[in-house]
**Q** 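Below you will find the structure I want to go over with you.
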Amino acid sequence: MLRFNSFFRYCLLPLAFLMCSLEGFSQMMLEKKIKIESDEELSLRQMLDSLSAQNNFYFSYESSLLELNKTLEAPKFSGSIGDFLLKELGDDYEYKELPGYIIIRFAPEKLDLDAEMDTRFNTVTVKGYIKNVQTQEVVSQASIYDKNSLASTLTDKNGYFKLKYKKKDSSIWLTLSKENYRDTTFLLLPTVSIVAEKENRRFRYIPGDSATKALEESFLGKAFIGFKQRLQGINMGNFFAESPVQMSLIPGLSTKGMFSSQTISKFSLNLIGGYTAGIEGMEVAGIFNINKRDVKSLQVAGIFNLVGGSSKGLQVGGIYNSVYKNVDGLQVGGILNQVKGNVKGLQVGGIANYVKDTATVQIAGIVNLADQSLHFQLAGITNNTSKSAGFQLAGISNIAGESVDNQITSIYNRAKVVNGFQFALINSAQESDYPIGLLNFIKNGEKNLGLSIDESGFTHFDFRSGGRKMYGILGVAYNLRDIDTPIGLEAGLGIHLIPEKKFSLDTEFVSLTASDFVEVANHIQSFRLFPGFKFGNHLRIFAGPSLNFAFLDPGQEDFTKGWNILEKTTLNGIYRSYGGVSGGLQVIF
């Protein structure tokens with residue numbers, strides 16, 4: 001049994017800081033010499049940005065804890081970057097260096113360790129108290145962990161902890177971490193053998209952001225992430241360990257204990273569910289996977305995946321996938337996929353896909369939602385983008401907030417600018433040259449009401465609407481002659497061959513159906529060529545030839561007039577092709 005007295009602890013403290021601080025990374029950036037000779041008043045923010053740009057690294061800090069807009073205490077300075085930070089910010093802050101970063105951490109307090117260590121049968125048990133160095137008051141909810149084995153625990157309300165794990169060598173590095181306290185590492189040595197184990201485990205620093213907090217505060221995060229694991233994240237901050245394998249039954253009950261939320265693993269197996277820092281390989285769960293940061297390669301869960309960073313590779317959730325940053329690869333959700341960044345790849349959702357920013361390709365059973373779609377959206381009911389879209393194909397509607405290449409659906413299309421075509425019963429746009437629909441409300445197009453008469457005596461009242469190239473036709477027709485079916489409905493499409501202001505030339509394909517809804521039904525398909533002349537801004541006269549194909553019920557020989565080209569009568573009806581002429585007046589608005 002080994003007890004550390006105060007003298008022994010304070011002798012080891014400098015040694016611990018010299019040998020273990022920041023996992024062995026050199027302090028070259030903090031020691032780099034700088035010289036400030038500006039005659040202008042500079043703010044702390046300007047100086048930090050300048051040092052970062054000139055020396056090719058980043059400062060990492062919580063902006064709310066620094067007075068970034070204050071004027072520099074030393075407008076002229078010569079010395080190291082570390083000395084400059086100490087002079088401007090004082091010793092209430094901790095300054096650490098990792099490759100590419102200098103971390104500024106508010107840590108006015110210091111931790112002390114009063115512990116016992118017992119080694120039996122390759123099992124190490126460390127227990128004791130964590131205290132505040134200055135006040136000697138116990139510190140609750142502080143993290144204690146061994147950097148090699150990643151065994152970890154938290155102190156209770158009395159500052160007490162007990163850490164038990166298997167270890168080949170009884171000498172250990174024990175690290176204490178707590179928010180607003182300086183990270184402190186102690187080397188615990190037995191009385192017989194003073195051997196410090198070389199640290200083979202890699203630690204890395206990943207700059208923090210709001211995604212982790214948002215994940216933990218989400219409905220699923222609150223339901224499955226324990227309070228102690230959240231405290232570990234607060235205490236440890238943005239330092240993460242690497243591990244080849246991690247296994248969990250539920251979050252917190254795993255081979256890494258509560259340290260699993262600070263561990264990035266190559267392979268993770270969660271029998272029910274797990275909460276890890278990230279995956280760089282494969283992760284499989286019976287029910288759910290929750291990851292604080294990025295997931296790479298393969299992730300599969302029976303019910304849901306929740307990722308606080310980005311997902312790269314294949315992600316499969318039986319019901320739900322949620323990624324707080326970006327997706328690069330294939331994402332498959334039985335019901336819903338939700339991404340709060342961009343998706344570069346394919347997103348497949350049984351019911352819905354939602355992307356806050358830009359999506360590449362989305363396929364959903366009911367609805368696709370995105371700020372912007374680059375290439376293709378396919379949905380059973382509707383596609384919707386706030387900005388631009390590529391090709392939208394849906395069962396009922398497509399909506400693009402700004403521009404779109406092409407839209408196809410059965411009922412309704414809407415966009416501001418259409419670069420290609422729209423196909424639907426109703427199309428709406430500010431600019432669309434090729435709307436293919438019966439009703440087209442195009443701001444830069446044309447709408448008119450037409451009254452005309454044809455060779456068979458039908459008087460047509462039609463509404464034409466469309467863009468600068470194509471338009472739709474919807475109307476009714478009435479024949480004053482004594483025939484069995486004098487009233488007909490007609491619909492069709494037209495093309496502006498010459499859309500000049502005064503003289504125009506249009507071609508139309510129109511289908512007319514006249515029926516008594518009991519026994520008789522007659523059909524006429526017509527190709528028309530209409531030259532037109534415009535008077536003023538709102539009136540046009542037109543007239544031209546037509547080529548017609550009629551399918552008439554038996555006994556309806558007099559239904560059509562005109563120049564017969566070909567006719568055939570069978571038991572099923574009369575098949576007739578004939579030429580004709582139509583003309584009339586259009587009111588443009």
Side-chain angles (χ1 to χ4, degrees), residues 17 21-111 132-134 177-184 203-217 233-240 292-294 308-310 324-326 340-342 356-357:
F17 273 108
S21 179
L22 298 177
E23 291 72 56
F25 288 115
S26 64
Q27 301 294 314
M28 295 181 61
M29 294 310 304
L30 286 171
E31 296 172 359
K32 188 168 184 177
K33 300 298 182 181
I34 59 172
K35 194 171 185 179
I36 304 174
E37 295 182 334
S38 176
D39 293 329
E40 300 179 3
E41 288 189 352
L42 296 175
S43 68
L44 178 61
R45 185 194 302 274
Q46 291 174 320
M47 197 63 231
L48 293 180
D49 291 343
S50 176
L51 289 174
S52 176
Q54 292 175 10
N55 296 281
N56 196 28
F57 69 89
Y58 297 97
F59 283 105
S60 177
Y61 51 82
E62 188 173 345
S63 58
S64 62
L65 299 179
L66 296 180
E67 296 182 35
L68 294 171
N69 295 322
K70 77 168 186 175
T71 304
L72 292 181
E73 298 287 343
K76 296 184 182 295
F77 176 83
S78 179
S80 68
I81 293 178
D83 291 338
F84 169 77
L85 294 174
L86 188 61
K87 185 175 184 62
E88 293 296 330
L89 300 178
D91 56 7
D92 283 345
Y93 291 84
E94 186 179 28
Y95 312 106
K96 298 183 179 182
E97 180 179 340
L98 286 178
Y101 293 94
I102 288 180
I103 302 125
I104 303 174
R105 181 171 175 261
F106 183 67
E109 305 292 342
K110 298 178 182 179
L111 295 170
N132 184 305
V133 168
Q134 294 178 338
S177 186
K178 172 73 174 176
E179 187 181 21
N180 295 336
Y181 283 80
R182 300 194 179 210
D183 286 354
T184 308
F203 280 75
R204 68 175 73 171
Y205 175 81
I206 304 175
D209 53 36
S210 59
T212 298
K213 183 177 180 180
L215 178 145
E216 292 184 341
E217 292 299 320
I234 293 173
N235 292 336
M236 295 292 298
N238 302 315
F239 289 90
F240 299 92
K292 183 180 291 188
R293 294 302 180 94
D294 297 341
S310 297
Y324 279 71
K325 290 187 179 179
N326 304 317
K340 297 187 177 181
N342 302 310
K356 187 175 182 181
D357 293 329

**Q** Hydrogens and angles aside, do Asn132 and Glu109 bring a side-chain donor and acceptor to less than 3.5 Å of each other?
**A**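 There is such a pair (donor and acceptor under 3.5 Å, judged by atom type) between the side chains of Asn132 and Glu109.
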**Q** Could you walk me through whether Leu215 and Lys292 satisfy the side-chain contact (heavy atoms from CB on, under 4.5 Å) test, starting with their C-alpha distance in whole Å, then the side-chain angles of each, then the deciding distance to 0.1 Å, before giving a yes or no?
**A** CA-CA 8 Å; Leu215 178 145; Lys292 183 180 291 188; 5.9 Å; no
**Q** Compare every heavy atom of Leu111 with every heavy atom of Lys178, then report the nearest pair and how far apart it is.
**A**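 That closest heavy-atom pairing would be CB-CD1, 4.1 Å.
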**Q** Give the minimum heavy-atom separation between Gly308 and Tyr324, together with the two atoms involved.
**A**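 The answer is O-CB, 3.3 Å.
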**Q** Can you list everything that forms a ring-ring contact (aromatic ring centres under 6.0 Å, His included) with Phe59? Sequence neighbours excluded, please.
**A**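 ring-ring contact (aromatic ring centres under 6.0 Å, His included) list for Phe59, sorted by chain: Phe57.
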**Q** Any donor-acceptor pair under 3.5 Å linking the side-chain atoms of Ser80 with those of Asp83?
**A**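 Judged by distance alone, the side chains do pair up.
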**Q** Does Ile36 form a side-chain contact (heavy atoms from CB on, under 4.5 Å) with Phe84? I'd like the steps, not just the answer.
**A** CA-CA 10 Å; Ile36 304 174; Phe84 169 77; 3.7 Å; yes
**Q** Roughly how far apart are Ile104 CD1 and Lys96 NZ, rounded to 0.5 Å?
**A**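 Rounded to the nearest 0.5 Å, the CD1-NZ separation comes to 13.0 Å.
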**Q** OG of Ser43 to CG of Asp49: how many Å apart, nearest 0.5 Å?
**A**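 The OG atom of Ser43 sits 8.0 Å away from the CG atom of Asp49.
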**Q** Are the side chains of Ile102 and Tyr58 in touch, meaning some heavy atoms are under 4.5 Å apart?
**A**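 Of all side-chain heavy-atom pairs linking Tyr58 with Ile102, none is under 4.5 Å.
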**Q** Quick one: pull up CE in Met47 and CG in Leu68 and give me the separation to the nearest 0.5 Å.
**A**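 If we round to the nearest 0.5 Å, Met47:CE and Leu68:CG are 14.0 Å apart.
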**Q** For a quick test of reading the model, state the closest non-hydrogen atom pair linking Asn342 to Asn326 and the distance between them.
**A**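 Closest approach of Asn342 to Asn326: N-OD1, 2.8 Å.
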**Q** For the residue pair Leu89 and Leu66, establish whether any side-chain heavy-atom pair is separated by less than 4.5 Å.
**A**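 They are in contact (side-chain heavy atoms under 4.5 Å apart), so the answer is yes.
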**Q** So does Leu85 get a backbone contact from the side chain of Tyr95, meaning a donor-acceptor N/O pair under 3.5 Å?
**A**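 Flag set: sc Tyr95 to bb Leu85 pair under 3.5 Å.
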**Q** When you compare the side chains of Thr212 and Glu216, does any donor N or O come within less than 3.5 Å of an acceptor on the partner?
**A**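 Glu216 and Thr212 do not have a side-chain donor-acceptor pair below 3.5 Å.
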**Q** Given the rule in the salt bridge (Lys or Arg N to Asp or Glu O under 4.0 Å) test, do Arg105 and Asp183 qualify, once you have shown the distances and angles that lead to the verdict?
**A** CA-CA 10 Å; Arg105 181 171 175 261; Asp183 286 354; 3.7 Å; yes
**Q** Is there a side-chain contact between Lys87 and Phe77, using heavy atoms and a 4.5 Å cut-off?
**A**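 Side-chain contact under 4.5 Å: yes.
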**Q** Closest approach of Pro108 and Asn180, non-hydrogen atoms and distance?
**A**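 In terms of heavy atoms, the two residues are closest at CD-O, 3.2 Å.
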**Q** Could you check if a side-chain atom of Ile103 sits within less than 4.5 angstrom of a side-chain atom of Glu97, using non-hydrogen atoms only?
**A**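 Not touching, per the 4.5 Å side-chain cut-off.
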**Q** Which is it for Gln46 and Ser50 under the side chain to side chain donor-acceptor pair (under 3.5 Å) test, yes or no, and what are the steps along the way?
**A** CA-CA 6 Å; Gln46 291 174 320; Ser50 176; over 6 Å; no
**Q** If you measure from the Lys or Arg side-chain nitrogens to the Asp or Glu carboxylate oxygens, is any gap between Asp357 and Lys340 under 4.0 Å?
**A**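 No salt bridge links Asp357 with Lys340.
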**Q** Answer yes or no: is there a side-chain heavy-atom contact under 4.5 Å between Leu51 and Lys32?
**A**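 No, too far: nothing below the 4.5 Å cut-off.
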**Q** Side-chain contact, heavy-atom cut-off 4.5 Å: Leu44 with Glu67?
**A**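 Leu44 does not reach Glu67 side chain to side chain.
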**Q** If you define the side chain from C-beta out and look only at heavy atoms, does anything of Asn55 sit under 4.5 Å from Met29?
**A**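 Yes, side chains in contact.
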**Q** Closer than 3.5 angstrom, by distance alone: can the side chain of Arg293 be matched with the main-chain N or O of Ser310 as a donor-acceptor pair?
**A**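 No; zero donor-acceptor contacts below 3.5 Å.
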**Q** Please identify each residue that fulfils ring-ring contact (aromatic ring centres under 6.0 Å, His included) with Phe240, with sequence neighbours left out.
**A**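 For Phe240, no residue satisfies ring-ring contact (aromatic ring centres under 6.0 Å, His included) once neighbours in sequence are set aside.
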**Q** Before accepting this row, confirm whether a basic side-chain N of the pair Asp294/Lys325 lies closer than 4.0 Å to the acidic partner's carboxylate O.
**A**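 Result for this pair is no, no salt bridge flagged.
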**Q** Could you report the tightest heavy-atom contact between Tyr101 and Ser60, atom names first, then the distance?
**A**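 Taking every non-hydrogen atom into account, CD2-CB, 4.3 Å.
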**Q** What is the minimum heavy-atom distance between Ala107 and Arg182, and which atoms define it?
**A**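 Result for this residue pair: O-NE, 3.2 Å.
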